[in-house]
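Computation of the quantities below employed the complete heavy-atom set of this structure, encompassing side-chain atoms and omitting hydrogens, waters and symmetry-equivalent molecules.
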Amino acid sequence: MSQRVVIDPITRIEGHLRIEVEIENGKVKNAWSSGTLFRGIEMILKGRDPRDAWLFTQRACGVCTYVHGLASVRSVEDALGVKAPNMARLLRNLMLGAQFLHDHPVHFYALHALDWVDVVNALKADPKRTARLAASVSSAAASGARDFEVVQQKLKSFVESGQLGPFANAYWGHSAYNLTPEADLLAAKHYLDCLQMQVKAAQLHAVFGGKNPHIQSLTVGGVTCERDLSIDRVAHFLFQLKEVKSFIDNVYVPDLLAVASFYKDWGAIGGNSNFMAYGEFPQTDSEPDSLFLPRGAVFDRNLGNVVPVDPSKITEHVKHSWYEGEAALHPSKGETKPDFTPLNTEDRYSWLKAPRYDGHAMEVGPLARVLVAYAKGHEPTKKLVDQVVETLAIPPAALFSTLGRTAARAINTKVIADAMMDWTTELIELIKKGDTQTYQAYEWKDGTGMGLNDVPRGALGHWIQVEDKKIGNYQMVVPSTWNLGPRCSSDILGPVEQALIGTPVADPKKPLEILRTVHSFDPCIACAVHVIDPHSNEVYKIRVI
């Protein structure tokens, strides 16, 4: 006999997400992902100056800030035929890299770790044994027993007061938790350490971006931080970068490996078959050939055949979304007219559209980036993937899973952090040479443009139509729309829906296992739901009953 389970809202994400599953014989038989947040960022842009679009699109989310700004200026530059100078490219790469170094560790500790770590169980830990465990996991980041005693006392005060603070409303004591008390205490301490580290990571943005979130230094044609290009300013950036990189190398990656060693069975749970990465971090003005992280698509888990990505094959479906009609349109022709009906998993059940590439649902994000890079022989990625597989003693096929998705996030972070050290050295050399041009002038013309980038959560695309120096049409297709979208016109499940099929659920009243896979995608629903009507300036008012 099957049983329906609804988790609404999903917590420890950005935005509003509802997950409904059908459980039969202790496993998920079917799943539905519903984005329940309605937004209208894109309609605000119609008729405005294209040069202002990046400032608005950054506000799509308080988490995915800079990435939308970058995709936006790229789309306008594409429409106008502008190529930003070398220095601007380098500074943009460093600021985007800083976004990865902030987002991925924060996701692992603050949003995802509590799916694997039982903080209440940490009260049973022996701080001395925990200190020895910490030294064995990473000698460079080892802490004394007293440090763990302090954290344990904090946790104890939370529990005894009945107010667990950031650790409230979880399924403590669940049978699916596998860590020892000492491992739980170690992870709980590093959870708190990460809260301090994220401040330094955010400050990396402010060095050349002016502030975080919502940096101020982007512009169509380049960047505006030319006056910040001093050796002292770069030295400050490098100092902050080294601190963040030390946390990644000595805490984040070792913790990932330590926790994953207790959950190897998750190497067979939560997987997909098709993956796509737009690629990122151009090393010259030639794209996609010069991208540090390569562009490509993998179908049916075949790493022997990475297919080039053709953006013209992207469509957005609305058959199961709360919009009029059932037409599947390319983003550049996006026509979205809200039409809310009662939620019905057999009909329409999400504000998210269903993006498809050549008719296929594609997982995007850290795992897609790592798989494409690995398959294309990207040496830094290949080296780390091989180390992780060897350390955990798991087969390569285990990467196609929730475990692989979580591990890929850490691999991705370290690869980018290492590369940023080289890019900072390159920045210093350009300054010494006096090659500090940060802006390229341009002439106005009508046209359509596309800005692609691969951001922490995955493939992000902005499409713009410029008409008489104004925005005629604007569309954003974001990572969480790819990953969390509903079924399409062919009733093909979205990536998270597919990934949940077969997930074992020990207690339907405490569906911890479902949260593990959903959180592994790092949902960001505020970015994922947008509205634009290319034919009018009408603002739609929706009343949800």
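The ring of Phe299 has its center no closer than 6.0 angstrom to the ring center of Phe275. Aromatic ring centres of Phe292 and Trp423 lie closer together than 6.0 Å. A centroid separation of 6.0 Å or more is found between the aromatic rings of Phe340 and Tyr323. Taking the centre of each ring, Phe108 and His112 stay at or above the 6.0 Å mark.
Remark: the backbone N or O of Glu363 is not paired with any side-chain donor or acceptor of Asn272 at under 3.5 angstrom. Between the side chain of Asp285 and the backbone N or O of Lys83, no donor-acceptor pair lies under 3.5 Å. Side chain of Arg369 to main chain of Val455: a donor-acceptor pair is present (N/O by atom type, distance under 3.5 Å, no hydrogens or angles). Looking only at distances, no side-chain donor or acceptor of Arg295 sits under 3.5 Å from a matching main-chain atom of Gly279. Under the 3.5 Å distance criterion, the side-chain polar atoms of Arg405 are left unmatched by any main-chain donor or acceptor of Ser520. The backbone N or O of Lys242 sits nowhere less than 3.5 Å from a side-chain atom of Ser246 that would complete a donor-acceptor pair. With Ser286 contributing its side chain and Asp289 its backbone, the two residues share no donor-acceptor pair below 3.5 Å. Formation of a donor-acceptor pair under 3.5 Å by the Gln203 side chain with backbone atoms of Gln240 is not found in this model. Under the 3.5 Å distance criterion, the side-chain polar atoms of Ser490 are left unmatched by any main-chain donor or acceptor of Ile492. Remark: the backbone N or O of His320 is not paired with any side-chain donor or acceptor of Arg348 at under 3.5 angstrom.
Partners of Glu20 by side chain to side chain donor-acceptor pair (under 3.5 Å), not counting sequence neighbours, listed by chain and number: Arg4, Arg18. Residues satisfying the salt bridge (Lys or Arg N to Asp or Glu O under 4.0 Å) test with Arg457, not counting sequence neighbours, are Asp103, Asp522. Residues passing the side chain to side chain donor-acceptor pair (under 3.5 Å) test with Thr57, sequence neighbours excluded: none. Arg356 pairs by the side chain to side chain donor-acceptor pair (under 3.5 Å) definition with nothing, not counting sequence neighbours.
Interatomic distance, CD1 of Ile525 versus CG of Leu352, reported as 5.5 Å (0.5 Å rounding). Rounding to the nearest 0.5 Å gives a distance of 6.5 Å between OH of Tyr109 and SG of Cys194. One finds the CG atom of Leu37 at 10.5 Å from the OG atom of Ser350 (value rounded to the nearest 0.5 Å). From Ser75, atom OG reaches atom CG of Leu80 across 9.0 Å, with rounding to the nearest 0.5 Å. His205 contributes atom NE2, which lies 9.0 Å from atom NE2 of His102 (distance to the nearest 0.5 angstrom). Annotation: the span from Tyr357 atom OH to Asp310 atom CG amounts to 5.0 Å, rounded to 0.5 Å.
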Inset, instruction - Give the C-alpha distance, both sets of side-chain angles, the deciding distance and a yes or no for side-chain contact (heavy atoms from CB on, under 4.5 Å) between Leu241 and Leu204. - result: CA-CA 7 Å; Leu241 174 59; Leu204 285 173; 4.2 Å; yes
Legend entry - Check against side chain to side chain donor-acceptor pair (under 3.5 Å), Thr517 and His519: CA-CA 5 Å; Thr517 291; His519 283 149; over 6 Å; no
Legend entry - Trace of the side-chain contact (heavy atoms from CB on, under 4.5 Å) decision for Val307 with Val298: CA-CA 6 Å; Val307 179; Val298 171; over 6 Å; no
Inset, instruction - Please step through side-chain contact (heavy atoms from CB on, under 4.5 Å) for the pair Leu500 and Val518, ending with a clear verdict. - result: CA-CA 8 Å; Leu500 287 170; Val518 173; 4.2 Å; yes
Inset, instruction - Applying side chain to side chain donor-acceptor pair (under 3.5 Å), run through Gln465 and Glu467 and close with a yes or a no. - result: CA-CA 6 Å; Gln465 181 181 356; Glu467 300 173 347; 2.3 Å; yes
Inset, instruction - Mind running side chain to side chain donor-acceptor pair (under 3.5 Å) on Asp232 and Ser230 for me, showing each step along the way? - result: CA-CA 5 Å; Asp232 288 345; Ser230 67; 5.5 Å; no
Legend entry - Criterion salt bridge (Lys or Arg N to Asp or Glu O under 4.0 Å) on Lys469 and Asp49, from CA distance to verdict: CA-CA 6 Å; Lys469 299 183 180 181; Asp49 191 319; over 6 Å; no
Inset, instruction - Using the side-chain contact (heavy atoms from CB on, under 4.5 Å) rule, take Val372 and Lys376 through it: C-alpha gap first, then chi angles, then the decisive distance, then the call. - result: CA-CA 6 Å; Val372 170; Lys376 297 195 77 169; 4.1 Å; yes
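Around the NZ atom of Lys211, the shell of radius 6.0 Å holds more than 12 heavy atoms that belong to other residues, nucleotides or ligands. For His330, the NE2 atom is densely surrounded, since the number of other residues' heavy atoms within 6.0 Å is greater than 12.
Comment: Lys319 engages Asp491 in a salt bridge, judged by a side-chain N to carboxylate O separation of less than 4.0 angstrom.
Among Gln475, His68, Arg74, the single residue meeting the side-chain hydrogen bond (donor to acceptor under 3.5 Å, both in side chains) criterion with His462 is His68.
In plain terms, the two heavy atoms of Asn274 and Ala361 that are nearest each other are CB-O, 3.5 Å. Nearest heavy atoms, Leu101 versus Ala201: O-CB, 4.1 Å. What you find for Phe100 and Thr413 is that their closest heavy atoms are O-CG2, 4.4 Å. The shortest non-hydrogen separation linking Ala459 to Trp482 is O-CD1, 3.7 Å. Closest of all the heavy-atom pairs between Pro105 and Ile248 is CG-CG1, 4.4 Å. In terms of heavy atoms, Leu367 sits closest to Phe400 at CD2-CA, 4.5 Å.
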Using distance only, find each side-chain donor-acceptor pair of residues 435-444 under 3.5 Å and give its atom names and separation, not counting sequence neighbours.
unit_1	atom_1	unit_2	atom_2	d
Gln437	NE2	Tyr439	O	3.0
Thr438	OG1	Val223	O	3.4

Could you go through residues 88-98 and list every donor-acceptor pair under 3.5 Å that involves a side-chain atom there, pairing it with any protein atom two or more places apart or in another chain?
unit_1	atom_1	unit_2	atom_2	d
Arg89	NE	Asn86	OD1	3.1
Arg89	NH1	Pro282	O	2.8
Arg89	NH2	Asn86	OD1	2.5
Arg89	NH2	Gln283	O	3.4
Arg89	NH2	Glu426	OE2	3.4
Arg92	NH1	Glu77	OE1	3.3
Arg92	NH2	Glu77	OE2	2.8
Arg92	NH2	Thr219	O	3.3
Arg92	NH2	Gly222	O	3.0
Asn93	ND2	Pro282	O	2.9

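The shortest side-chain heavy-atom distance between Leu293 and Asp454 does not fall under the 4.5 Å cut-off.
Trp351 and Trp322 have perpendicular rings, their planes meeting at more than 60° on a 0 to 90° scale where under 30° would count as parallel.
Side chains of Tyr474 and Arg48: no donor on one and acceptor on the other come within 3.5 Å. Judged by distance alone, the side chains of His317 and Ser489 do bring a donor and an acceptor atom under 3.5 Å apart.
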